Novice: 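Mind having a look at this structure? Questions to follow.
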Amino acid sequence: MTQRKEPFEPLVPGQVRMYACGVTVYDLCHLGHARQALIFDVIRRYLEYKGYHVTYVRNFTDVDDKIINRAKELGRRWDEVAKGYIEEYYRDMDRLGIRRATIEPKATEHIPEMIGIIKALLEKGYAYQINGDVYYEVQRFPEYGKLSGRKAEQMLAGARIEIDPRKKNPLDFALWKRSKEGEPAWESPWGPGRPGWHIECSAMSMKYLGESFDIHGGGADLIFPHHENEIAQSESCTGKPFARYWIHNGFVSINQEKMSKSLGNFFTIQEVLDRYRPEAVKLFLLSAHYRGPLDFSDDRLEEAKKALDRFVTAFEAIEALNALPPRSGGDALYDHMVSKGREAEEQFQAAMDDDFNTAAALGVLFGFLREVNLVRSEVERNITAGGRSALHIARDRINRLGGVLGLFEQPSLRPGEADLKGRLVELLLDLRAQARSKKDWATADAIRERLNSLGIEVEDTPQGSRWHWRR
RNA sequence: GGCGGCGUAGCCAAGGGGUUAAGGCAGAGGUCUGCAAAACCUUUAUUCCCCGGUUCGAAUCCGGGCGCCGCCUCCA
């Protein structure tokens, strides 16, 4: 509200109540939606890491013009279209490893609450009805524009909105829309209709979080008018301050242009995930501060993938050390790693405390990884019990902190690695076939024995060798 | 026209009045290796778009330019 960073103090000590505007389910989600969802997921995870009890509400807008239009295009029922895209949404978020919110309400399931607020606004004189439509009267709320830093007069000057002559003021917005034939409709004191877009978030956030709560947010494009309108209708209804802190994320762009449906320059989450691991996509999305723009390109994703592999290879190498028996000693290494780890965790917290600076936090993790690799190369030369524990504890810390960013939670197998095993066996069998053709039985038998000891049985047949995992 | 944001190495990106200007990618050198690849280590900005000002001191604050982007209509 002050347009700057503010120290965070929740309304109720130890508890955080946050609301993020979710998606309108009329199409597949693109990378921009992924960024928004991830950022709020990370904020939630970090607050939990800090020991807060977090109630996180994220809604679905499941009735709206765009859904109705989409249904017409597809020749399906509007509610089926919404339901289908909610399923797609969950599929995308699950693949990305973005946690479900505490409560995920749908607009259509909260019509009575919305009607309640509209009624109250009419009674208090903040709204007026025309012919089955109900509008909020912006001029009755002097603070209108306080979030976006605009004044009502300014907005009129350059307005490019079409003016509805029935409205008292062009800025007035619909709380309730009368339904046309064939459109979804709910009974109301003003006749059959459906809610305006802004009212749903007021109704659902206040229902689950109370009339005043801590954090509200969404994409930067929602600042005006959506969030401005939410504030107006909520505060004039309750007479209390609405959300205390506002968090708005920047856009994902392509060639410096906002990724959007209208420009057609978007990539769906599914398209991106077909080509890149979820963890790499997340690393990319967190590599810039959430408020700034983030330009998408294959080069950036490739970089993120390689950067992520630094962690993956280190984890794998640390794991591999377990197979070998350690010597005693290495206590100094252990102490060193613990203190470096503590230092890193403090720096990580400092970065996240500063307006959730994930890019800086990631930098801390990479810096710590270097320390870990230094120790690792020493332990690889001389495996000691202390050295190995040092690496384990460091790996656990990286995992834990990475987990706050939603990273390192998924199996570290690189894509194709599972079937890579099969291809490696085939490769060995090819070599073995060459050896057999030269009657190099020692080599051939050695390969068979070695594979056998790994649980792979090899059978020779007239058609060539076959292999299978021992059951 | 109004409101807001951004401009830091070859690229991406933190920082934000005075410690060595994080980190990633790419490049260079090295360790390892029969050679290679991979991996790891080291290294890479006397300088932060330009011009003025404030200050003992500015990339960081202020004023003015230039360039890019977003919002003001649905948009994460």
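Just so we're clear, the structure is a prediction, and the values are computed from it rather than from any experiment. The sequence lines fix the lettering, A, B, ..., with proteins before strands; numbering per chain opens at 1.
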Novice: Less than 4.0 angstrom between a side-chain N/O of S148(A) and OP1 or OP2 of rC71(B), yes or no?
Specialist: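 Checking rC71(B) against S148(A), no side-chain N or O comes under 4.0 Å of OP1 or OP2.
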Novice: Kindly assign one of parallel, tilted or perpendicular to the pair F242(A) and W246(A), based on the angle between their ring planes and the thresholds 30° and 60°.
Specialist: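 Tilted.
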Novice: Go through rC74(B), rC40(B), rC71(B) for me and flag the one nearest to the N373(A) side chain.
Specialist: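 Selected nucleotide (nearest to the side chain): rC40(B).
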Novice: Side chain of V23(A) only, please: which of rA76(B), rC40(B), rG24(B) is the nearest?
Specialist: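 From the listed options, rA76(B) comes nearest.
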Novice: Atom CD1 of I247(A) and atom C1' of rA76(B): how far apart are they, to the nearest Å?
Specialist: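 Whole-Å distance recorded here is 14 Å.
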Novice: Which whole number of Å gives the distance between the C1' atom of rG64(B) and that of rA28(B)?
Specialist: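 Approximately 42 Å lies between the C1' atom of rG64(B) and that of rA28(B).
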Novice: Side chain of R370(A) only, heavy atoms from C-beta on: which candidate in rG24(B), rA76(B), rC40(B) is closest?
Specialist: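 Comparing rG24(B), rA76(B), rC40(B) against the side chain of R370(A), the answer is rG24(B).
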Novice: Which part of the nucleic acid, if any, lies within contact of L374(A), taking any heavy atom under 4.0 Å across all strands shown: a base, the sugar-phosphate backbone alone, or nothing?
Specialist: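 Sugar-phosphate contact only - L374(A) comes under 4.0 Å of backbone atoms but never of a base.
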Novice: Identify which nucleotide among rC40(B), rC71(B), rC75(B) has an atom closest to any side-chain atom of R310(A), counting heavy atoms from C-beta outward.
Specialist: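 Of rC40(B), rC71(B), rC75(B), rC40(B) is nearest to the side chain of R310(A).
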Novice: Any side-chain donor paired with an acceptor under 3.5 Å for E104(A) and Y90(A)?
Specialist: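 Short answer, yes.
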Novice: Heavy atoms only, 4.0 Å cut-off, all strands: where does G22(A) land among base, sugar-phosphate and nothing?
Specialist: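 Touches sugar-phosphate only.
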Novice: Which part of the nucleic acid does F251(A) contact within heavy-atom distance under 4.0 Å: base, sugar-phosphate only, or nothing?
Specialist: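 Base, at least one base heavy atom under 4.0 Å.
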Novice: Under a plain distance cut-off of 3.5 Å, with no hydrogens placed, do N249(A) and R291(A) share a side-chain donor-acceptor pair?
Specialist: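 Side chains of R291(A) and N249(A): no pair found under 3.5 Å.
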Novice: Less than 4.5 Å apart, side chain to side chain, heavy atoms only: is that true for H30(A) and K261(A)?
Specialist: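 Sidechains of K261(A) and H30(A): in contact.
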Novice: If you look at every strand shown and take non-hydrogen atoms under 4.0 Å, does V252(A) touch a base, only sugar-phosphate, or nothing?
Specialist: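 Base contact.
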Novice: Expressed in whole Å, how much space separates the C1' atoms belonging to rA45(B) and rA59(B)?
Specialist: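 Roughly 11 Å separates the two C1' atoms.
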Novice: What nucleic acid atoms does L222(A) come within less than 4.0 Å of, heavy atoms only: base, sugar-phosphate, or nothing?
Specialist: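 Sugar-phosphate only.
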Novice: If you compare every side-chain N and O of K258(A) against the phosphate oxygens of rA76(B) (OP1, OP2), does one of them come in below 4.0 Å?
Specialist: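 No, because none of the side-chain N or O atoms of K258(A) sits under 4.0 Å from OP1 or OP2 of rA76(B).
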Novice: P atom, rG24(B) versus rC68(B): distance in rounded Å?
Specialist: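 To the nearest whole Å, 33 Å.
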Novice: Describe the nucleic acid contact of K306(A) in one word from base, sugar-phosphate, nothing, applying a heavy-atom distance below 4.0 Å.
Specialist: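 Touches sugar-phosphate only.
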Novice: With RNA chain B as reference, determine whether H226(A) or A304(A) sits nearer its 5' end, using the nearest nucleotide of each.
Specialist: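 Checking each residue's closest nucleotide, the 5'-ward one belongs to A304(A).
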Novice: Classify the side-chain pair N59(A)/E200(A) by whether it contains a donor and acceptor separated by less than 3.5 Å.
Specialist: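 Judged by distance alone, the side chains do pair up.
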Novice: Please give the distance between the P atoms of rA26(B) and rC61(B) as a whole number of Å.
Specialist: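 These two P atoms come out 33 Å apart once rounded.
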Novice: Determine whether the side chains of S202(A) and E230(A) contain a donor N or O and an acceptor N or O closer than 3.5 Å.
Specialist: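 S202(A) vs E230(A): no donor-acceptor pair found between side chains.
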Novice: Should T24(A) and D64(A) be marked as a side-chain hydrogen bond (donor to acceptor under 3.5 Å, both in side chains) after you check the CA-CA gap, both sets of side-chain angles, and the distance that decides it?
Specialist: CA-CA 8 Å; T24(A) 300; D64(A) 152 284; 4.8 Å; no
Novice: Taking rC40(B) as the reference, what is the distance to rU33(B) when you measure between their C1' atoms (whole Å, please)?
Specialist: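 Rounded to whole Å, the distance is 14 Å.
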Novice: Produce the list of close N/O pairs, under 3.5 Å, pairing protein atoms with atoms of nucleotides 7-18 of chain B; give distances to one decimal.
Specialist:
residue	atom	partner	partner atom	Å
rC11(B)	O2'	R300(A)	NH2	3.0
rC12(B)	O4'	R300(A)	NH2	3.4
rA14(B)	OP1	H289(A)	N	2.6
rA14(B)	O3'	N357(A)	ND2	2.6
rG15(B)	OP1	N357(A)	ND2	2.5

Novice: For R291(A) and rA76(B), what is the distance between atoms CZ and C1' respectively, to the nearest whole Å?
Specialist: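 Distance, rounded to whole Å: 17 Å.
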Novice: Between rG16(B) and rG57(B), how many Å separate the two C1' atoms, rounded to a whole number?
Specialist: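 Comparing C1' positions in rG16(B) and rG57(B) gives a spacing of 15 Å.
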Novice: Work out how far the C1' atom of rA9(B) is from that of rU43(B), and round it to whole angstrom.
Specialist: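 Nearest-Å result for rA9(B) against rU43(B) at atom C1': 13 Å.
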Novice: The side chain of R150(A) lies closest to which of these nucleotides: rA76(B), rG24(B), rC71(B)?
Specialist: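 The answer is rC71(B), which lies nearest to the side chain.
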Novice: For I269(A), is there any backbone N or O sitting under 3.5 Å from a side-chain donor or acceptor partner on D92(A)?
Specialist: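 The answer is no, because no donor-acceptor pair under 3.5 Å joins these two groups.
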